[in-house]
Undergrad: 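Quick one: this structure, given as C-alpha cells, is what I'll be asking you about.
Predicted, not measured: the structure shown is a model, and the values here were computed from it. Hydrogens, waters and symmetry mates play no part in the numbers below; they use all other heavy atoms, side chains included. Residue numbers start from 1 in every chain, and the chains themselves are labelled A, B, ... in the order their sequence lines are given, proteins ahead of strands.
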Number of protein chains: 2
Amino acid sequence: MTTTAPDTGTRMRSEDRRVLVLEAATRVFGERGYHGATTDAVAKAAGVSQPYVVRMFGSKEAMFLAVLERAVSRMMASFRAALEESTAESETPDAETLHRCIAHNYVELLSDRGLLLSLMQAFMLGADPVIGPEARACMRRVYEFLRDDAGMSPAEAHGFLSTGMMLNTLVGLRMADDYEKEPAVRELLDEVFPTKLPFLLSLRDRQS
Amino acid sequence: MTTTAPDTGTRMRSEDRRVLVLEAATRVFGERGYHGATTDAVAKAAGVSQPYVVRMFGSKEAMFLAVLERAVSRMMASFRAALEESTAESETPDAETLHRCIAHNYVELLSDRGLLLSLMQAFMLGADPVIGPEARACMRRVYEFLRDDAGMSPAEAHGFLSTGMMLNTLVGLRMADDYEKEPAVRELLDEVFPTKLPFLLSLRDRQS
DNA sequence: GTTGGTGGTAATCGAATGATTACAAATGGC
DNA sequence: GCCATTTGTAATCATTCGATTACCACCAAC
C-alpha cells in the first residue's frame with residue numbers, strides 16, 4: 001500500500017532547493033538563535049522533510065556556517081554597492097556621503113528578514129569552538145573592508161560598526177513593537193532610524 | 001543501604017544559595033545563550049543538583065528572567081554610581097566626563113563574567129512571547145535613565161548605547177582571542193578599548 | 001527526643017531533537 | 001524502454017533536557 005501522498009510531480013534542482021533552505025534557515029536561526037532553532041523548523045519553513053535538510057548540509061552546525069557565510073557575503077556585497085554609489089556621487093566622497101549610502105543599502109538588507117539577526121546570533125557564539133572562529137572572521141572581513149576599501153579611519157570604522165550593532169540589537173529586540181505604546185521607544189527609534197522608520201515599521205507586520 | 005555520599009554537614013541558607021545559583025546561571029546563559037544553556041550546566045556550575053535549580057525558580061524560563069532582572073539592576077546601579085562620580089567631579093559635568101565615568105564602571109561590570117552577555121542574549125530574544133517584552137523593558141529602563149537622570153540628549157544616548165552594544169558584541173565574539181594573531185583585530189580593539197585593554201585581555205584567560 | 005520545617009539529592013519520565021537508514025519516485029542519457 | 005543518478009520521504013533511533021516524584025538529612029523549638 002502507498003503510505004505517502006501521491007507526488008505532485010514537481011521536482012527542483014538541488015541547487016535551487018538549497019537556496020530555499022538557506023533562506024528558510026536564515027529566518028529560523030535569526031529568530032530563535034543557533035541552539036533554539038531546530039532542523040525540523042527549518043524543514044517546515046522550507047517545505048521539505050527534516051532528514052533532507054540534515055543530509056543537505058551534513059549537520060545543523062554546517063548548515064549554520066553556510067547561513068553565516070551567505071549572510072556576510074551578501075552584507076559585503078551590499079557595502080560594496082554602497083561604496084560605488086558614493087564614489088559615483090563624488091570622486092572622493094566625504095564620510096557623511098559614504099555613511100548615507102551604506103545606511104541606505106544596510107536597511108535594505110533588513111528585507112531579508114533574519115540575515116542581520118543570524119549574523120548577530122553568530123556574534124554571540126564566540127565561545128563555540130567551531131562557530132566562534134568563523135564568526136570572528138566575519139567581523140574581521142567587515143572591519144577590513146571599512147578600513148582598506150571604504151577608506152575609513154579606525155575611529156570611523158568603530159563608529160560605523162557601533163551604529164550597526166545598535167540597529168541589529170533593536171531589530172533583535174523587536175523594539176518597533178512598542179513604538180506606539182512607549183514614548184521613550186518612539187523617541188529612540190526616531191533618533192536611530194531618522195529616515196527609514198516607515199520601512200522598519202512595515203517590516204514589523206510581515207509574517208512570522 | 002546509603003546510595004549518596006555522606007553529607008559534609010554544611011548547609012546554606014537558601015537566600016545565599018540563590019545568589020550562587022544566579023551567578024552561575026549568569027555565566028552559563030552568557031556563554032551559551034538562553035536555549036543553549038541547560039539547567040544541568042547551571043547546577044554543575046553552582047555545585048548543586050539539577051532538580052534543585054529547577055525547583056528554586058520553577059522553570060528555566062523563570063530562572064532566565066531572574067538573571068535578566070539582576071543583570072539590569074546591577075548595570076543601572078553601576079550607571080548611577082558613575083553619575084554620582086561625575087557630578088562629584090564637577091557640578092554640571094560635560095558629556096565627556098560622564099562618558100568617562102560610565103565607561104570606567106561599565107568595564108568593571110565585565111568582571112562579573114556573563115552579566116553583559118546575558119543581557120545581550122536577552123536582546124536577541126525579542127520574538128519570545130515571555131522574554132521579549134521583559135527584554136524590551138530592560139532596554140527602555142536604560143534609555144530612560146540616560147535621558148532623564150544622566151541628562152543626555154537623544155543623540156547622546158544613541159551614541160552611548162551604540163558603543164555599549166559594540167563592546168558587548170566584541171566580548172560575545174571573544175574577539176580578544178585574536179588580538180595577537182590578527183593585526184586588524186589589534187587595531188580595532190585598541191580603538192574600542194583605549195584604556196581598558198589590559199583589563200580586557202586579562203579577562204580572556206580566566207576559567208571557562 | 002521528637003517533630004516539623006528547611007535544604008537538599010537520586011531516580012526517573014516524557015517530549016523534543018539531530019541524525020541515520022531504508023526506500024520510493026522522478027529525471028535524463030543512451 | 002531501460003537503467004543509473006538525483007531528489008526526495010517515512011520511520012525510527014539514541015540522546016538530551018526540563019521537569020516531577022519521592023525521599024533523605026540537618027536543625028531549631030518545645
Side-chain angles (χ1 to χ4, degrees), chain A residues 1-25 28-29 31-67 121 125 128-131, chain B residues 1-25 28-29 31-67 121 125 128-131:
Chain A
M1 66 179 265
T2 64
T3 56
T4 91
D7 216 318
T8 58
T10 56
R11 265 177 44 172
M12 278 183 125
R13 307 266 287 278
S14 76
E15 236 178 84
D16 304 331
R17 186 71 82 184
R18 185 187 167 92
V19 173
L20 280 187
V21 174
L22 269 179
E23 288 172 352
V28 175
F29 279 128
E31 285 296 334
R32 321 235 329 228
Y34 173 64
H35 293 286
T38 70
T39 56
D40 192 57
V42 173
K44 282 185 168 54
V48 296
S49 67
Q50 180 262 347
Y52 191 40
V53 316
V54 171
R55 200 186 49 184
M56 180 174 274
F57 297 99
S59 68
K60 172 177 163 177
E61 185 180 73
M63 179 168 63
F64 185 77
L65 292 178
V67 165
Q121 299 283 359
L125 292 174
D128 186 282
V130 174
I131 300 175
Chain B
M1 67 180 265
T2 64
T3 56
T4 92
D7 216 317
T8 58
T10 57
R11 269 176 41 172
M12 279 184 123
R13 307 260 287 277
S14 77
E15 239 178 82
D16 303 331
R17 187 71 83 184
R18 185 187 167 91
V19 173
L20 280 187
V21 174
L22 268 179
E23 288 172 352
V28 174
F29 279 128
E31 285 297 333
R32 321 235 327 230
Y34 172 65
H35 293 286
T38 69
T39 56
D40 192 57
V42 172
K44 281 185 169 55
V48 296
S49 67
Q50 180 261 348
Y52 191 40
V53 316
V54 171
R55 198 185 51 182
M56 181 174 273
F57 297 98
S59 69
K60 172 177 163 177
E61 185 180 73
M63 180 168 63
F64 185 77
L65 292 178
V67 165
Q121 300 283 359
L125 293 174
D128 186 281
V130 175
I131 300 175

Undergrad: Could you tell me how far apart B:His35 (NE2) and C:dA15 (P) are, to the nearest whole angstrom?
TA: 21 Å
Undergrad: So what does B:Ser49 touch, heavy atoms closer than 4.0 Å: a base, only the sugar-phosphate, or nothing?
TA: base
Undergrad: Do A:Thr38 and A:Arg32 have side chains that get closer than 4.5 Å, going by heavy atoms?
TA: yes
Undergrad: Between B:Gln50 (CD) and D:dT21 (P), how many Å, whole number?
TA: 14 Å
Undergrad: Rounded to the nearest angstrom, tell me the gap between atom CG in A:Asp40 and atom P in C:dA19.
TA: 13 Å
Undergrad: For the pair made of NZ in A:Lys44 and P in D:dT9, what is the distance, rounded to whole Å?
TA: 11 Å
Undergrad: Please name the pair of heavy atoms, one in B:Ala66 and one in B:Arg18, separated by the smallest distance, quoted to 0.1 Å.
TA: CB-NH2, 4.3 Å
Undergrad: Between A:Glu61 (CD) and C:dG18 (P), how many Å, whole number?
TA: 13 Å
Undergrad: Just wondering, do B:Tyr34 and B:Lys60 contact through their side chains at under 4.5 Å, heavy atoms?
TA: yes
Undergrad: Is the phosphate of C:dG8, meaning OP1 or OP2, less than 4.0 Å from a side-chain N or O of B:Tyr52?
TA: yes
Undergrad: Let me spell it out: for each of A:Ala37 and B:Val48, pick the nucleotide of DNA chain C with the closest heavy atom. Which residue's pick is nearer the 5' end?
TA: B:Val48
Undergrad: Nearest to the side chain of B:Arg11 - C:dT9, C:dT6, D:dT7?
TA: C:dT6
Undergrad: What is the distance, rounded to the nearest whole Å, between atom CZ of B:Arg13 and atom P of D:dA28?
TA: 11 Å
Undergrad: Kindly say if A:Ser14 contacts the phosphate of D:dT6, meaning a side-chain N or O under 4.0 Å from OP1 or OP2.
TA: no
Undergrad: Decide yes or no for A:Arg55 and A:Tyr52: does some side-chain heavy atom of the first lie under 4.5 Å from some side-chain heavy atom of the second?
TA: yes
Undergrad: For B:Thr39 and D:dC17, is the shortest distance between a side-chain N/O and OP1 or OP2 below 4.0 Å?
TA: no
Undergrad: So if I take every side-chain heavy atom of B:Lys60 and compare against C:dG8, D:dA19, C:dA19, which nucleotide ends up nearest?
TA: D:dA19
Undergrad: For DNA chain C, whose closest nucleotide is more 5', that of B:Pro51 or that of B:Glu15?
TA: B:Glu15
Undergrad: Take atom CZ of B:Arg32 and atom C1' of D:dC17, then tell me their distance rounded to the nearest Å.
TA: 11 Å
Undergrad: Are A:Met56 and A:Val48 packed together at the side-chain level, in the sense that at least one heavy-atom pair is separated by less than 4.5 angstrom?
TA: no
Undergrad: Separation of A:Phe64 atom CZ from C:dA19 atom C1', in whole Å?
TA: 20 Å
Undergrad: Once hydrogens and angles are ignored, does a donor-acceptor distance under 3.5 Å link the base of C:dG8 to the side chain of B:Arg55?
TA: yes
